[in-house]
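See below for the structure under consideration.
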Amino acid sequence: MSTKLTSSDIIQKASPALFSGLFGFLFEEEKPLYKATIEAVAKQRKLRPVFIERKPRNERFAWLQEALGRKASDAIAGHILQIWLVGKHKALLCDFLDALGIKHDENGTVEQLPPQPETPLLEKAVNDVLQKHDPEVVAVYLHAFQALNETGWENLDTILEKDERLQIGKPAAV
């Protein structure tokens, strides 16, 4: 039984600290996307954007996380996850793809996802990035990798289900 997360599930389960970092990045580095996200969520909830913008930052981010964690916001959630991962965590993306021998651009993106790699190679790549990068960011990336690719990799689904370190919203096992 696959428990593949959607983009909105990932946002919903992410720690408030991770989400604040994500939205802080959008606020600082991707202002047009930040404003568009607020406008889209406001419209979806039948509110004026100023209602969201006037909230104190921590309250605004908590409200946005709750709103983007809804199924109706899945497309928006997927877009902001992609922009944040490519913009802020391209080293993680590149490290993961390099460990798998997958050609990519300087941002860690690929034109077409190749067939799934052998499981031992994939497990090694996951372990390598977990040692080098923030485990919650790695978990978000790998779940988003599956959510944002039409087919994904079955063996990555299995790893995501079984490896406690890759559970979003739960304290990482040490």
Side-chain angles (χ1 to χ4, degrees), residues 1-26 37 61-62 64-174:
M1 177 179 89
S2 177
T3 55
K4 189 172 180 178
L5 299 178
T6 64
S7 297
S8 56
D9 293 333
I10 295 166
I11 294 287
Q12 180 184 63
K13 291 175 176 278
S15 70
L18 182 127
F19 188 80
S20 288
L22 182 157
F23 242 78
F25 170 80
L26 294 180
T37 301
F61 287 178
L64 284 164
Q65 182 172 10
E66 188 273 328
L68 290 167
R70 295 170 179 249
K71 191 167 198 63
S73 299
D74 197 57
I76 301 166
H79 186 67
I80 66 170
L81 281 171
Q82 284 178 314
I83 298 300
W84 175 69
L85 287 165
V86 170
K88 177 123 175 121
H89 297 287
K90 60 181 141 203
L92 163 60
L93 281 62
C94 292
D95 287 346
F96 180 67
L97 296 171
D98 288 345
L100 294 171
I102 297 173
K103 291 184 189 232
H104 56 82
D105 67 15
E106 69 277 359
N107 294 317
T109 60
V110 295
E111 285 297 314
Q112 183 161 358
L113 190 63
Q116 71 179 9
E118 294 295 321
T119 300
L121 178 63
L122 183 57
E123 288 171 342
K124 182 181 181 328
V126 168
N127 284 325
D128 289 351
V129 294
L130 279 167
Q131 288 177 6
K132 191 172 179 182
H133 300 277
D134 177 325
E136 187 178 17
V137 175
V138 172
V140 166
Y141 167 58
L142 294 175
H143 281 281
F145 181 91
Q146 288 294 86
L148 298 170
N149 291 304
E150 288 180 25
T151 54
W153 296 332
E154 270 186 46
N155 56 356
L156 183 53
D157 277 340
T158 302
I159 291 168
L160 290 170
E161 285 179 36
K162 293 184 177 171
D163 192 327
E164 286 294 317
R165 301 171 298 173
L166 300 173
Q167 303 306 305
I168 301 172
K170 294 181 185 170
V174 180

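If you're wondering where the values come from, they're calculated on a predicted model, not measured in any experiment. Side-chain atoms are counted along with the backbone in the values below, which use heavy atoms only and exclude waters and symmetry mates.
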Between G78 and L148, the two heavy atoms sitting closest are CA-CD2, 3.9 Å
CD1 of I11 to CG of L5, rounded to nearest 0.5 Å, is 11.5 Å
query: Considering only heavy atoms from C-beta outward, does the side chain of L130 approach that of L166 to under 4.5 Å?
result: yes
Between L121 and P117, the two heavy atoms sitting closest are CD2-CB, 4.3 Å
The reported gap from NE2 in H133 to CG in D128 (rounded to nearest 0.5 angstrom) is 9.5 Å
Heavy atoms of V138 and V129 approach each other most closely as CG2-O, 3.6 Å
I'd like to know whether F145 forms a side chain to side chain contact (heavy atoms under 4.5 Å, CB included) with L85, so could you lay out the CA-CA distance, the side-chain angles of the two residues, the decisive distance to 0.1 Å, and finally the verdict.
CA-CA 10 Å; F145 181 91; L85 287 165; over 6 Å; no
**Message:** Before you tell me yes or no, could you show the steps for Q116 and L156 under side chain to side chain contact (heavy atoms under 4.5 Å, CB included), namely the whole-Å CA-CA distance, both residues' side-chain angles and the distance that decides it to 0.1 Å?
**Reply:** CA-CA 8 Å; Q116 71 179 9; L156 183 53; over 6 Å; no
request  = Check the surroundings of atom CD in E66: do more than 12 heavy atoms from other residues, nucleotides or ligands lie under 6.0 Å from it?
outcome  = yes
The reported gap from OG1 in T37 to NE2 in H79 (rounded to nearest 0.5 angstrom) is 7.0 Å
dist L160:CG -> Q146:CD (nearest 0.5 Å) comes out at 6.0 Å
For A144 and L81, the nearest pair of non-hydrogen atoms, with its separation, is CB-CD1, 4.4 Å
Q) Is the W153 ring parallel, tilted or perpendicular to the F96 ring (thresholds 30°, 60°)? A) tilted
Walk me through it: do L18 and W84 pass the test side chain to side chain contact (heavy atoms under 4.5 Å, CB included)? CA-CA 11 Å; L18 182 127; W84 175 69; 4.0 Å; yes
Would you check if the side chain of S73 reaches a backbone N or O of G69 as a donor-acceptor pair within less than 3.5 Å? no
Here the pair of heavy atoms bringing R165 nearest to A139 is O-CB, 4.3 Å
inquiry  = Donor-acceptor pair, distance only, cut-off 3.5 Å: does the side chain of Q12 make one with the backbone of S7?
reply    = no
Criterion side chain to side chain contact (heavy atoms under 4.5 Å, CB included) on L93 and H104, from CA distance to verdict: CA-CA 9 Å; L93 281 62; H104 56 82; over 6 Å; no
The reported gap from CG in L68 to CZ in F23 (rounded to nearest 0.5 angstrom) is 5.5 Å
All heavy atoms of E118 vs all of N155, minimum pair found to be C-ND2, 4.0 Å
CD (E136) and CZ (F19) are apart, to the nearest 0.5 Å, by 12.0 Å
